[in-house]
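Here the structure is laid out as structure tokens; the discussion comes afterwards.
Scope of the values below: all heavy atoms of this structure, side chains included, with no hydrogens, waters or symmetry mates.
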Amino acid sequence: MYLSSLLLCLSLGALVKCASGSDWCYTGCHDTPSHWGDISGSSCGEKRQSPIDIVTSRVAVDHNLHNFTFVNFTSQHVIKSIINNGHTVKCKLEENEVEVKGGGLNDTYSTIQFHFHWGDTEHHPGSEHKIDGHRYPMEMHIVSLKKGLSAQQAVEDSAGIAVLGFLINATEDADISEPWRILTSYLTNNTDTEVNINHAISIDELIGNVDRTKFYRYMGSLTTPNCSEAVVWTVFQEPINIHKNLTQLFPMKTGLTNIFRPTQDLNKRQVFASPATPLPSHPWCYDDHCENSPTHWHLLPHSHCDGHRQSPINIETKSVKVDEHLDAFTFTKFGDKHAIKTIVNTGHTVKCTLKEGSVEVSGGGLGYVYSTLQFHFHWGSTSHEGSEHTVDSHRYQMEMHIVNKRKDLNIDAALQTPNGLAVLGFFIEAMDMTKSGSGSGSGGSDHHETNPTSENDAWNKLIKYLSAIQNIRSEVKVTEEISIDDLLGDVNRADYYRYNGSLTTPSCNEAVVWTVFKESIKVDKNVMNMFPTKTAYHDVFRPAQPLHNRTIYSTTSGSRAPGPAILFLLLTCLCAFFL
Ligand SMILES: *[C@@H]1O[C@H](CO)[C@@H](O)[C@H](O)[C@H]1NC(C)=O
Ligand SMILES: *[C@@H]1O[C@H](CO)[C@@H](O)[C@H](O)[C@H]1NC(C)=O
Ligand SMILES: *[C@@H]1O[C@H](CO)[C@@H](O)[C@H](O)[C@H]1NC(C)=O
Ligand SMILES: *[C@@H]1O[C@H](CO)[C@@H](O)[C@H](O)[C@H]1NC(C)=O
Ligand SMILES: *[C@@H]1O[C@H](CO)[C@@H](O)[C@H](O)[C@H]1NC(C)=O
Ligand SMILES: *[C@@H]1O[C@H](CO)[C@@H](O)[C@H](O)[C@H]1NC(C)=O
Ligand SMILES: [Zn+2]
Ligand SMILES: [Zn+2]
């Protein structure tokens with residue numbers, strides 16, 4: 001009993017006159033915060049300290065941070081007493097009646113008290129946590145111990161204590177809230193006299209309409225000596241708005257001012273946010289010219305980029321498994337020469353959007369009908385390759401992605417569904433200019449002209465638009481007659497690899513069934529060079545991601561829809577005939 005109240009005193013700022021010379025303070029004594037580390041037995045100089053400045057651009061979303069369950073927060077009878085203990089004003093709760101669980105906490109926590117931190121009557125703010133460098137006027141801490149643990153056991157457990165931090169904003173807009181008016185009516189400069197609360201007010205009424213699904217989470221410490229590193233911190237994103245006539249009563253009536261600890265070093269700790277927390281949108285990039293290059297994409301808000309089924313990947317042909325269910329695709333309206341609506345320079349790629357509801361893909365072992373939304377490109381530079389997927393570590397010059405969404409889902413649902421999207425990936429390579437046909441082995445004719453087939457026409461038409469979208473975010477209507485079939489040419493669409501993966505750009509949603517075709521589209525080298533040249537950016541591809549335990553499947557080797565030999569002969573004949 002003595003030990004546990006001593007620990008509460010040392011760690012939770014419960015009493016002023018503690019045993020063992022612990023007269024620490026915020027100002028006006030020897031042991032101010034910069035000396036707390038020297039207090040014998042304290043952890044205040046360690047590396048997992050609180051409070052901190054929460055830098056939202058460094059916060060990572062944690063999808064395990066589900067909603068909290070608050071037990072008896074609505075009860076109007078659990079706030080038992082209030083005391084000015086010389087360090088803060090603290091409200092004690094009825095024992096074993098109030099609980100916190102969920103919110104990504106691994107255990108149920110038993111809530112014992114809440115208390116406050118504030119600045120001074122000159123309107124200097126005094127919250128402990130800061131958000132992006134901003135200190136709020138006040139902060140409320142609701143303290144809970146892991147259920148079943150004594151106070152001593154709790155401070156010895158790295159997650160023994162859960163503190164809910166609510167930032168408090170002083171505003172003139174808010175009405176004077178009755179629960180806060182009642183609470184502040186109990187404020188006094190008379191230390192060490194515990195006063196019973198006789199009014200019916202609940203914790204919920206004090207928290208008000210703060211959205212409790214939006215919060216930050218990190219592992220830290222108590223913010224008063226001994227600064228035990230035992231706290232799972234939750235700092236809610238939205239502040240409680242209280243009229244400033246009430247907030248200023250805290251320093252005025254208690255005589256306590258600037259009772260907050262300065263922010264501590266993060267020391268490589270990661271701060272997480274619940275999925276509902278709005279985080280600023282951050283630019284991402286492929287190289288090092290911005291903060292969020294591919295190795296940092298997982299830190300972006302709502303990011304899945306560190307998941308276990310990420311794309312692109314390197315396809316090791318020797319470990320590919322043949323799957324005879326991978327049959328022929330049905331491409332609907334791929335021949336429509338008016339299906340491409342616009343072409344846009346996104347700053348990361350060149351993207352062609354399609355008219356809604358016309359182009360479709362099915363078959364190919366997909367199991368669903370998918371609507372084709374857009375296609376876009378990945379490239380390196382004029383001197384090196386830039387496909388996203390690699391085959392036996394061979395990188396192709398470019399890669400084209402045709403993005404399709406399951407027809408029965410809307411886009412938001414598709415992004416959350418493991419097979420919500422189907423992307424068709426085609427490698428693009430320079431055609432050999434000394435040969436007339438496209439594809440391999442079309443026979444060494446003695447023509448030395450550029451390829452006259454319609455596919456090349458389509459590429460020439462397409463790249464003419466690149467001059468019109470040189471500025472990032474520019475978008476123009478496509479009026480030329482170009483079909484996807486024209487761009488794909490006679491590339492073999494029956495022989496492909498299949499695996500489960502993700503989008504290759506943030507948020508890297510793991511919603512993609514990938515099809516990577518084995519044969520490459522052959523395009524004039526000069527056409528390919530236009531992508532880096534006109535857009536002025538290069539190397540727009542994500543590095544290969546770990547395969548983890550995924551299997552890559554393949555169509556039966558050598559399959560070719562209409563019978564390879566006949567088509568091949570036919571094409572050769574046609575070419576010979578027309579030239
Ligand atoms: C979490 O709470 C919010 C608002 O109270 C609600 O809209 C949402 O459905 C809840 N989520 C879960 C998973 O319970
Ligand atoms: C909630 O409070 C009531 C009394 O106010 C108590 O009877 C009940 O046990 C409490 N619930 C829990 C889960 O502790
Ligand atoms: C919950 O448990 C997991 C696994 O032991 C641990 O990694 C995580 O830090 C714990 N979270 C909290 C809030 O205690
Ligand atoms: C805090 O209060 C000020 C003054 O009323 C207001 O302008 C501001 O929007 C509030 N901040 C938040 C985050 O609610
Ligand atoms: C405490 O407050 C009372 C009235 O609010 C005031 O008269 C008194 O001087 C204060 N005492 C201290 C020590 O500040
Ligand atoms: C993709 O994942 C689904 C569900 O886990 C599984 O049934 C399917 O076989 C996987 N497909 C491939 C190509 O791995
Ligand atoms: Zn506190
Ligand atoms: Zn892509």
Side-chain angles (χ1 to χ4, degrees), residues 3-53 82-92 111-120 125-130 135-136 138-145 151-152 154-168 191-192 194 218-235 250-251 254-265:
L3 183 61
S4 77
S5 64
L6 169 65
L7 278 162
L8 274 178
C9 144
L10 290 174
S11 54
L12 307 177
L15 298 162
V16 193
K17 295 182 192 82
C18 293
S20 69
S22 68
D23 10 38
W24 58 271
C25 62
Y26 293 102
T27 50
C29 75
H30 178 262
D31 282 335
T32 54
S34 55
H35 295 99
W36 289 357
D38 305 331
I39 296 172
S40 132
S42 99
S43 303
C44 303
E46 304 291 331
K47 299 256 183 293
R48 204 193 112 167
Q49 290 293 295
S50 294
I52 57 164
D53 182 11
I82 184 166
I83 181 171
N84 173 350
N85 65 20
H87 292 305
T88 186
V89 165
K90 188 173 76 171
C91 294
K92 292 188 188 169
T111 308
I112 54 171
Q113 53 107 327
F114 60 86
H115 63 264
F116 300 92
H117 299 268
W118 62 78
D120 62 24
S127 71
E128 296 213 292
H129 287 91
K130 295 200 274 185
R135 192 184 295 286
Y136 279 83
M138 292 181 64
E139 186 167 334
M140 173 176 173
H141 288 160
I142 303 178
V143 180
S144 310
L145 306 184
Q152 181 189 5
V155 297
E156 286 169 354
D157 181 329
S158 72
I161 302 170
V163 183
L164 309 179
F166 287 92
L167 300 160
I168 295 174
T191 56
D192 290 340
E194 194 170 324
Y218 77 99
M219 302 303 278
S221 72
L222 296 170
T223 65
T224 55
N226 284 341
C227 311
S228 306
E229 298 190 325
V231 181
V232 183
W233 272 97
T234 304
V235 178
F250 284 84
T254 62
L256 302 172
T257 54
N258 298 311
I259 51 168
F260 60 91
R261 186 187 193 192
T263 53
Q264 306 294 303
D265 283 342

Hey, are the side chains of [X] and [Y] touching, using non-hydrogen atoms and a 4.5 Å cut-off?
X	Y	value
Val143	Ile161	yes
Ser43	Asn226	no
Thr27	Asn258	no

Give me the atom names and distance for the closest heavy-atom approach of [X] to [Y].
X	Y	value
Ala230	Ala154	CB-O, 3.5 Å
Thr111	Ser144	OG1-OG, 2.9 Å
Ser50	Gly220	OG-CA, 3.3 Å
His141	Thr223	CE1-OG1, 4.4 Å
Leu145	Ala151	CD1-CA, 3.9 Å
Cys227	Ser221	O-CB, 3.3 Å

Would you call the rings of Phe250 and Phe116 parallel, tilted or perpendicular, where under 30° means parallel and over 60° means perpendicular? tilted

Donor-acceptor under 3.5 Å ([X] side chain, [Y] main chain):
X	Y	result
Asp157	Ala159	yes
Trp24	His35	no
His117	Ser127	no
Arg135	Gly126	no
Glu229	Met219	no
Ser42	Trp36	yes

Ring pair (Phe, Tyr, Trp, His ring centres under 6.0 Å), paired with His129, selected from Phe260, Tyr136, Tyr218: Tyr218

Please name the residue in the list Glu139, Met140, Glu128, Met138 that meets the side-chain contact (heavy atoms from CB on, under 4.5 Å) test with Leu167. Glu139

